[in-house]
2 protein chains.
Amino acid sequence: MSLAGLFPIDKWNFKSQSILNNLPEDEYGYLCSNMLEHRYNKGEVIFREGAVASGIFFIKKGKVKKYQVDRTGSEQIIYVANSGELIGYHAILAEERYPDSAATLEDCTIAFISKEDFLSALEKSTVLPRRLLKTLSHEFAVLINSISIVTQRSVKERLAITLIVLREKFKEGITAGGEIMINVSRSDLANMVGTGEENIARFLTEFKLSGIISTHGRKICITDVKKLIGISGCGT
Amino acid sequence: MSLAGLFPIDKWNFKSQSILNNLPEDEYGYLCSNMLEHRYNKGEVIFREGAVASGIFFIKKGKVKKYQVDRTGSEQIIYVANSGELIGYHAILAEERYPDSAATLEDCTIAFISKEDFLSALEKSTVLPRRLLKTLSHEFAVLINSISIVTQRSVKERLAITLIVLREKFKEGITAGGEIMINVSRSDLANMVGTGEENIARFLTEFKLSGIISTHGRKICITDVKKLIGISGCGT
DNA sequence: TTTAAAAATTGCAAAAAATCACTTTTTATC
DNA sequence: GATAAAAAGTGATTTTTTGCAATTTTTAAA
C-alpha cells in the first residue's frame, strides 16, 4: 500500500536524505577515509543539546531520535533519522552548539566525521554545498509543516500522522508483502506526538477497536492505512 | 532593558539575518542591479504556499508574516521577518514550491530577485553559499525550538514568549528610552501563539492587571519584561 | 465630529487534554 | 518456564483550552 496521492508525502521527510550518496568518487573517498565507525546500543546518547559541536554523524545502520529536553525533563522528539542519513551538521554549519540531542532507537552503527574534516570536504567539494543547501531548505519546509500540525491538530490526529510517518520509516528492509511493524516505546511515541503516554494508550486502543491497527506486544501494525489517513485529516 | 542573560536569545531569530549585508562589492552590485522594487500596502500577500517559486524577496522596509493556512482557513504564523531580511529562498534552494505564504504586517518596500538571477549570483559568489548554509542552519535551530515550545508550553507561556520576541522585532528604529510599541492585531497575535483571539484577550487582560503590559488602543507596551520572562518559563 | 464597520473583550458552557492512582501486560533475566 | 522489573493500559478527576454569543471599544471613512 503506497501513500502516493493519498498523503502529502513531500511535507514529511519520509526518505533518507542522501547527502553523501553519489558524491564524486574522490570526495566520497576523502570523507570515508576520515570516518570513525562506532557501534551504539539501543538507547545510547550520540550527542546532547547544548554541547560544543565536535563533528557530524553518518547513520550506517539503525534509527536515531532527535529531541529536546524541557525543564521538567520530558523529551520532545522532533525527528526520527534513518540509516543513510547525516545528523549533527546544522550545528557545524551554523557555528553554534548542537540545537538538539540525538539517541539511538535501536542498535546502530554510526560513523563520526570531525568538524575539521567535514568543513574541509565542504570547501573542496563542488556538489556538497549545493546539496546541503537543498537538504536544509527541504528540512525547513518539513519543520514548518510540523509546527502547523502541532498547533492546529488534535492529539488523535497527530497520533495518526505520526503512525503514518513511522510506518514509512520502518518500511525499509521489509520484503514485499511483509508486515510493517512499528517498534517504538509508548513513551517515545508520546514524545513524538507531544502528549502523555496515557493519551497514546487510549487512542491506540480506540484505533485497535476500529480495526485500524493491530498490536503484537509493543509493536504496532497498521492494517488500514486509508482509515488512518482519514483520521489524520491530511488526506489529499 | 536588554534581554541578554535573561532570555535564551540564540534560540530565537531576534535579529535580521544579514545574508546580503557586507557581500563583496561586485556580488552585491550584481544582485542590486537585478532587483525589482515594489511597495506593498499593509496586509498584501507577497507569495502563497504551494505556488511555483519565481524568486526571492528582500525586505527593504517593514515587517512581513510567514504563515500556513489550514483546512479551516485559519492561519498559523511561523515567523515575523523584519527589514533587512530575505524571504522565499528556501523554495528556490529546495527546488520545491513555496512551503508557506508571506504577507505584509505593515506598509512595506520589498525588492524582488528572480530565481535565475539568485541562482546565478549563488553560483558566482564565493561567500553566498557558505552564508546561506549558516543562516539556514540557524533557522533550523530556531524552528526546533519553536516546536518544543508549542508542544510543551501552555497558551499563557507561549503568549509571554511571543510578546518578548515581538518586542525585539519592534525595537528597531526606536530612539533610546522611547517606548517600544508592539503593533499587531489580536488575530495575528493569536495565530502566532497558536490559539484563538479570545484566549489572547483574556491573558492580555490578566497581564495588564498584573502591571506587566499596558495597552494603547491596539498597541501593546511591555512595562515589566522581567515578570514576563518569568511567566514565559524561559528565564535563564 | 459623527457614524458605521471592524476589532477586541467578556462571560459562560462544552470539549479536549493532562494528571493521578491503580491494574494488567510485556519484557528481560535467571 | 518462573519471576521481578519495566512498560503499557484503564478509570476517575481536574485543569486547560476552545467555542459561542453578546457587548464594548477602536478604527477608519464620511
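Residue numbers begin at 1 in each chain, while the letters A, B, ... track the order of the sequences.
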Query raised in the report: Expressed in angstrom and rounded to an integer, what is the separation of A:Ile200 atom CD1 from D:dT10 atom P?
Result: 14 Å
Requested in this report: Looking only at side-chain atoms of B:Ser185, point me to the closest of D:dG9, C:dA8, D:dA8.
Outcome: C:dA8
Query raised in the report: With a 4.5 Å heavy-atom cut-off, do A:Arg153 and A:Cys234 have their side chains touching?
Result: yes
Query raised in the report: In whole angstrom, what separates B:His216's NE2 from C:dA8's P?
Result: 16 Å
Report task. List the steps, then state whether side-chain hydrogen bond (donor to acceptor under 3.5 Å, both in side chains) holds for B:Glu139 with B:His90. Result -> CA-CA 11 Å; B:Glu139 286 178 340; B:His90 302 94; 2.7 Å; yes
Query raised in the report: Whole-Å distance between C:dA18 P and B:Lys156 NZ?
Result: 18 Å
Query raised in the report: Is a donor-acceptor contact shorter than 3.5 angstrom present between the side chain of A:Arg202 and the base of C:dT19?
Result: yes
Report summary line: Separation of D:dG9 atom C1' from A:Ile213 atom CD1, nearest Å, is 13 Å
Query raised in the report: Which sits closer to the 5' end of DNA chain D, B:Arg153 or B:Gly217, going by the nucleotide each is nearest to?
Result: B:Arg153
Query - Between P of C:dT25 and CD1 of A:Ile220, the distance in whole Å - result: 18 Å
Report summary line: Which of D:dG9, D:dA21, D:dT17 is nearest the side chain of B:Phe203? It is D:dT17
Report task. On DNA chain C, check which nucleotide each of A:Gly196 and A:Lys219 is closest to and give me the residue with the more 5' one. Result -> A:Gly196
Query raised in the report: Of the nucleotides D:dG9, C:dT10, D:dT17, which one has an atom closest to the side chain of A:Thr205?
Result: D:dG9
Requested in this report: Measure from the side chain of A:Glu198, starting at C-beta and using heavy atoms only, and say which of C:dA8, C:dC20, C:dA17 lies closest.
Outcome: C:dC20
Query raised in the report: Can you check the B:Leu159 CG to D:dT16 P distance for me, whole Å?
Result: 16 Å
Report task. Compare side-chain N and O positions of A:Arg218 against OP1 and OP2 of D:dA7 and report whether any pair is under 4.0 Å apart. Result -> no
Requested in this report: Check the distance between C:dT10's P and B:Glu206's CD and give it to me in whole angstrom.
Outcome: 12 Å
Query raised in the report: B:Thr195 side chain N/O closer than 4.0 Å to the phosphate oxygens (OP1, OP2) of D:dT18?
Result: yes
Requested in this report: Looking only at side-chain atoms of A:Asn199, point me to the closest of D:dG9, C:dT9, C:dA18.
Outcome: C:dA18
Query raised in the report: Hey, what's the ring geometry for B:Tyr98 with B:Phe57, parallel, tilted or perpendicular (30° and 60° as the breaks)?
Result: tilted
Query raised in the report: Do A:Phe112 and A:Phe58 have ring centres separated by under 6.0 Å?
Result: no
Query raised in the report: Among C:dT9, D:dG9, C:dA18, which is the nearest nucleotide to the side chain of B:Glu197?
Result: C:dT9
Query raised in the report: Hey, does A:Tyr67 have a side-chain heavy atom less than 4.5 Å from the side chain of A:Gln76?
Result: no
Query - Rounded distance (Å) that lies between atom C1' of C:dT25 and atom CZ of A:Arg186 - result: 11 Å
